[in-house]
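Read the structure below first, then the notes.
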Amino acid sequence: MLRLIGVILLCCVVLCIGYFNVNKYVRRRNYLSELCDFSAVCADIMRCENKSVYDVFKAFCAKEILFLKQLDRKLLADETAVYALLREHKISETDIRVIIPFITKLGCGDIAQQTAHCRYYSTRFGELLKSAETELNTKGKMQRSLFIFGSIALFIILV
């Protein structure tokens with residue numbers, strides 16, 4: 001009886017590892033989607049509501065890009081601090097290379113430059129989002145199946 005419980009627990013651990021791997025792809029898709037939304041409306045909010053970029057960071061409600069609320073003038077002046085903040089929030093390296101120039105250049109220039117800047121990065125985030133969705137659909141489904149079948153195979157072998 002104890003052996004069966006141990007086998008079931010081991011199979012559940014394998015399933016959890018698979019779930020966390022797939023969740024990484026889902027999270028990346030979600031934060032890129034929110035960054036697309038943010039970059040699309042950021043310049044309009046600054047212009048229409050006459051808000052500073054820091055007020056826009058604080059006001060934008062998003063579940064996955066909470067790091068925006070932690071940004072301030074002092075932090076944005078130091079790119080290594082921004083990099084550390086993004087790594088702390090488990091943002092992927094390829095995405096960090098696009099996010100840092102986007103957020104550090106916000107608020108620099110007139111409204112036409114800001115609109116062009118936000119439009120450009122909205123396109124870049126859209127491209128990253130497409131690749132994240134493709135990754136989720138291919139690698140995510142494959143890993144989910146692999147870990148489910150691996151768990152079932154492990155159960156059969158050990159019982």
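The first residue of the sequence shown is numbered 1, and numbering continues consecutively from there.
Cluster membership check: V26 does not share its hydrophobic cluster with L66, using side-chain heavy-atom separations under 4.5 Å among Ile, Leu, Val, Met, Phe, Trp and Tyr.
In this structure, the side chain of R119 does not engage the main chain of Q114 through any donor-acceptor pair within 3.5 Å.
To the nearest 0.5 Å, atom CG of residue L146 and atom CD1 of residue I17 are 11.5 Å apart. For the atom pair CG (L129) and OG1 (T123), the distance works out to 12.0 Å, reported to the nearest 0.5 Å. Separating the CD atom in Q70 from the CD atom in E88 is a distance of 6.0 Å, to the nearest 0.5 Å. A distance of 10.0 Å separates CZ in R97 from CG in L128, rounded to the nearest 0.5 Å. The line from CD of E133 to OG1 of T138 is 11.5 Å long, rounded to the nearest 0.5 Å. Taking CG of L9 as the start and CD1 of I5 as the end, the distance is 7.5 Å to the nearest 0.5 Å.
When all heavy atoms of C118 and C42 are compared, the closest pair comes out as SG-CB, 3.9 Å. Taking both residues in full, the closest heavy atoms of Y25 and G140 are given as CD1-CA, 4.0 Å, listed atom of the first, atom of the second, then distance. The two atoms that bring L75 and L85 nearest to each other are CD2-CD2, 3.7 Å, heavy atoms only. The nearest pair of heavy atoms linking V98 to R124 is CG2-NH2, 3.2 Å. Scanning both residues, C36 and S122, for their nearest heavy atoms gives O-OG, 3.9 Å.
At a threshold of 4.5 Å between non-hydrogen side-chain atoms, the residues F67 and I99 count as touching. Counting heavy atoms from C-beta on, the side chains of R144 and F147 never come closer than 4.5 Å. The side-chain heavy atoms of F20 and V22, taken from C-beta on, include no pair separated by under 4.5 Å. A heavy-atom distance below 4.5 Å is not found between the side chains of V41 and D37. Residues E93 and R87 form a side-chain contact, since some pair of their non-hydrogen atoms from C-beta on lies under 4.5 Å apart. With a 4.5 Å cut-off on side-chain heavy atoms, T94 and R28 count as touching.
Here the rule is side-chain contact (heavy atoms from CB on, under 4.5 Å) with L71, and of I103, L106, T104 only I103 fits it.
Side-chain contacts under 4.5 Å among hydrophobic residues (ILVMFWY), followed directly or transitively, place L15 together with I148, F149, I152, I156. With side-chain heavy atoms closer than 4.5 Å counting as contact, directly or through intermediates, L2 stands alone and belongs to no larger hydrophobic cluster.
Side chains of Y19 and Q143: no donor on one and acceptor on the other come within 3.5 Å. The closest side-chain donor-acceptor pair between Y31 and D95 falls under 3.5 angstrom.
A salt bridge does not link R29 to E135: none of the charged nitrogens lies less than 4.0 Å from a carboxylate oxygen.
In this view, F125 and F102 satisfy the ring-ring contact (aromatic ring centres under 6.0 Å, His included) rule, not counting sequence neighbours.
Counting heavy-atom neighbours within 6.0 Å of K69 NZ, excluding the residue itself, gives a total above 12.
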